[in-house]
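Heads up, the thing below is written out as structure tokens.
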Amino acid sequence: MRFLTEFRQPALAEALAERIRRWSGPPVSLMEVCGTHTVAIFRHGLRGLLPPQVRLLSGPGCPVCVTPNREIDKAIALASNPGVILATFGDMMKVPGSYSSLAEAKASGADVRVAYSPMEAVEIAQGNPKKAVVFFGVGFETTAPTTAASLLEAKRLGLRNFFFLSAHKLVPPALMALLEAGEVRIDGLICPGHVSTIIGSRPYEFIPRDYAIPCVISGFEPVDILQAIAMLLDMRAEGKAEVAIQYRRAVRPQGNPQALETMAGAFQVGGAEWRGLGPIPQSGLHLRDGMEAFAAERHLEMKIRPPREAVACRCGEVLRGLINPPECSIFGTGCTPEHPVGPCMVSTEGTCAAWFLYKPGG
């Protein structure tokens with residue numbers, strides 16, 4: 001299978017691992033930004049191939065995990081309206097909000113449906129003209145173009161019962177907030193391949209320029225990730241800080257102009273709140289001028305109580321790379337994939353879920 005088996009060759013992976021093990025510089029901490037990278041690293045046992053002086057940290061790159069309770073509460077409040085059908089991606093169903101989850105709302109009678117694409121929500125609206133259909137959009141630049149396309153299609157169709165609740169977020173501003181906070185030492189960033197297929201490599205250029213930290217945009221197979229780590233170590237050894245593309249089979253410096261144009265047709269950039277990171281300027285996608293007719297918060301009744309957090313949950317610190325999941329007192333005991341307390345244990349890309357499923361003894 002092209003673009004898959006060649007990036008899983010054991011001999012090539014071992015050669016790269018050996019190259020990494022020859023690292024003779026000071027200890028380094030490399031952050032994999034993307035949750036898909038986190039899961040791939042655990043699934044393929046890559047941490048075990050690294051020398052002790054090369055440490056991997058997991059970052060804020062899981063869109064479900066960084067969605068704060070306030071936004072989940074809004075979705076649940078909208079779904080509780082008897083005239084509303086709420087559609088969203090499956091990962092969001094079990095994520096706890098302040099008082100319940102969408103799955104619990106559905107069990108209580110709310111019409112909550114899993115949509116495999118935003119366009120499916122448009123089709124639900126077409127088939128249910130007497131209902132208000134809300135799509136709860138979650139994700140980074142990876143999924144935002146398809147949501148934007150669905151909104152533009154709803155506009156073309158003249159749908160008046162299709163609405164949108166946005167939890168879409170942008171990765172580069174979150175990385176800036178993380179680096180600016182300076183809470184954790186980061187010597188290199190493994191940047192998200194999927195996001196970068198849309199935005200390219202240029203939006204990360206502030207990282208080496210302003211923080212002297214090298215970045216490598218990586219694919220998701222074991223050889224991809226090991227090569228990205230080796231490239232970061234090479235740059236550290238040479239005293240260089242640049243943005244490099246390992247995932248060249250999918251990423252171009254300029255990104256995907258058509259996808260970016262589609263996003264711009266439906267969204268404008270504004271502030272957003274992130275779990276663990278708080279409010280970050282210019283890090284969210286909101287409906288642009290002329291698209292207000294689709295704003296669920298403007299047109300539909302929504303009563304929400306003040307948000308609250310589970311006291312023992314340390315997902316916010318996990319997302320900032322401050323702790324590993326086992327350092328949370330409820331990890332694997334009070335919080336498991338079957339009974340999650342925080343989103344990092346719910347999402348298939350969540351760091352806690354990856355540690356629980358793949359770490360020996362987890």
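Predicted, not measured: the structure shown is a model, and the values here were computed from it.
- The CE atom of M231 sits 9.5 Å away from the NZ atom of K240 when rounded to the nearest 0.5 Å.
- Salt-bridge formation is detected for the pair E183/R320: a Lys NZ or Arg NE/NH1/NH2 atom is positioned less than 4.0 Å from an Asp or Glu carboxylate oxygen.
- No side-chain heavy atom of L57 sits less than 4.5 Å from a side-chain heavy atom of L30.
- The hydrophobic clustering, which links ILVMFWY residues whose side-chain heavy atoms are closer than 4.5 Å, places V138 and L170 apart.
- With 3.5 Å as the limit, one finds no donor-acceptor pair spanning the side chains of T38 and E349.
- Between E153 and K155, no side-chain nitrogen of the basic residue sits less than 4.0 Å from a carboxylate oxygen of the acidic one, so the salt-bridge criterion is not met.
- The side-chain tip of R249 points at the ring of F7 from less than 6.0 angstrom away and within 45° of straight on.
- Look at R19 and D234 and you find a salt bridge, because one of the NZ, NE, NH1 or NH2 atoms lies within 4.0 Å of a carboxylate O, short of that distance.
- Rounding to the nearest 0.5 Å gives a distance of 8.5 Å between OH of Y211 and CD1 of I213.
- Looking at S218 and D224, their side chains never bring a donor and an acceptor atom within 3.5 Å of each other.
- In this structure, R314 does not pair ionically with E327, as no charged nitrogen and carboxylate oxygen lie closer than 4.0 Å.
- The shortest distance between side-chain heavy atoms of L86 and V134 falls below 4.5 Å.
- Proximity of a side-chain donor or acceptor of N324 to a complementary backbone N or O of P326 within less than 3.5 Å is not detected.
- Judged purely by atom type and a 3.5 angstrom limit, D73 uses its side chain to pair as donor or acceptor with the backbone of S98.
- Side chain of S100 to main chain of P96: no donor-acceptor pair is present (N/O by atom type, distance under 3.5 Å, no hydrogens or angles).
- Neither side chain, T36 nor H194, offers a donor N or O lying under 3.5 Å from an acceptor on the other.
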Open item on the list: Between Y204 and S196, is the side-chain hydrogen bond (donor to acceptor under 3.5 Å, both in side chains) condition met? List the steps.
Closed with: CA-CA 9 Å; Y204 306 111; S196 305; 2.9 Å; yes
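- Remark: the backbone N or O of Q268 is not paired with any side-chain donor or acceptor of H286 at under 3.5 angstrom.
- Rounded to the nearest 0.5 angstrom, L226 CG and L49 CG are separated by 6.0 Å.
- When all heavy atoms are compared, the tightest approach of G321 to V184 is O-CG2, 3.6 Å.
- When all heavy atoms of R185 and P27 are compared, the pair lying nearest together is NH2-O, 2.5 Å.
- Residues L322 and M345 do not share a hydrophobic cluster, defined by chaining ILVMFWY side chains whose heavy atoms lie under 4.5 Å apart.
- In this structure, T147 contributes its side chain and G137 its backbone to no donor-acceptor pair below 3.5 Å.
- Side chain of N161 to main chain of A125: a donor-acceptor pair is present (N/O by atom type, distance under 3.5 Å, no hydrogens or angles).
- You'll find the side chain of S29 stays beyond 4.5 Å of the side chain of I186, heavy atoms only.
- Listed for the R236 side chain is a donor-acceptor partner under 3.5 Å among the backbone atoms of D187.
- In the displayed structure, E338 atom CD is contacted under 6.0 Å by at most 12 heavy atoms of other residues, nucleotides or ligands.
- Between the E180 side chain and the M176 main chain, no donor and acceptor come within less than 3.5 Å of each other.
- Although no hydrogens or angles enter the test, the distance criterion places no donor-acceptor pair under 3.5 Å between the side chain of R55 and the main chain of P51.
- A pairwise comparison of heavy atoms in R275 and C315 identifies CD-CB, 4.3 Å as the closest pair.
- T262 approaches A148 most closely through the heavy-atom pair O-CB, 3.4 Å.
- Within the 6.0 Å centre-distance limit, the rings of F42 and W355 are counted as a close aromatic pair.
- A salt bridge is defined here as a Lys NZ or Arg NE, NH1 or NH2 lying under 4.0 Å from an Asp or Glu carboxylate O, and K169 with E141 fails to meet this definition.
- Counting only heavy atoms from C-beta outward, the side chains of S101 and K94 never approach each other to under 4.5 Å.
- Rounding to the nearest 0.5 Å places CD1 of I76 at 14.5 Å from CG of N81.
- The minimum heavy-atom distance linking L152 with G265 is given by the pair CD2-O, 3.6 Å.
- A donor atom on one side chain and an acceptor atom on the other are not found under 3.5 Å apart for E104 and Y99.
- Salt bridge annotation for E205-R202: absent, with no cationic side-chain nitrogen under 4.0 angstrom from a carboxylate oxygen.
- Atom NZ of K74 sits about 12.0 Å away from atom CD1 of I72, to the nearest 0.5 Å.
- For R47, the CZ atom sits in a packed shell: over 12 heavy atoms of surrounding residues, nucleotides or ligands are nearer than 6.0 Å.
- More than 12 heavy atoms of other shown residues, nucleotides or ligands fall within 6.0 angstrom of atom CD in E238.
- Residues L56 and I229 have side chains in contact (heavy-atom distance under 4.5 Å, counting atoms from C-beta outward).
- Note on V195 and I225: separate hydrophobic clusters, where clusters join Ile, Leu, Val, Met, Phe, Trp and Tyr whose side-chain heavy atoms are under 4.5 Å apart, directly or indirectly.
- Under the 4.5 Å side-chain heavy-atom criterion for ILVMFWY residues, a single connected hydrophobic cluster contains both I280 and M31.
- For F136 against A167, the heavy-atom pair with the smallest separation is CE1-CB, 3.9 Å.
- Note on R21 versus E14: salt bridge recorded, some NZ/NE/NH1/NH2 to OD/OE distance being below 4.0 Å.
- Ring geometry for H168 versus F267: interplanar angle of 30 to 60°, hence tilted.
- The shortest distance between side-chain heavy atoms of I190 and V33 does not fall below 4.5 Å.
- The backbone N or O of A259 sits less than 3.5 Å from a side-chain atom of N256, completing a donor-acceptor pair.
- Between V112 and M93, some side-chain heavy-atom pair lies under the 4.5 Å cut-off.
- Atom CD1 of I323 and atom CZ of F331 lie 10.5 Å apart (nearest 0.5 Å).
- Between F164 and F135, the two ring planes are parallel [angle under 30°; tilted spans 30° to 60°].
- Hydrophobic clustering keeps V64 apart from L357 (ILVMFWY residues linked when any side-chain heavy atoms are closer than 4.5 Å, directly or through intermediates).
- A 4.5 Å side-chain heavy-atom check between I217 and Q246 finds every atom pair outside the cut-off.
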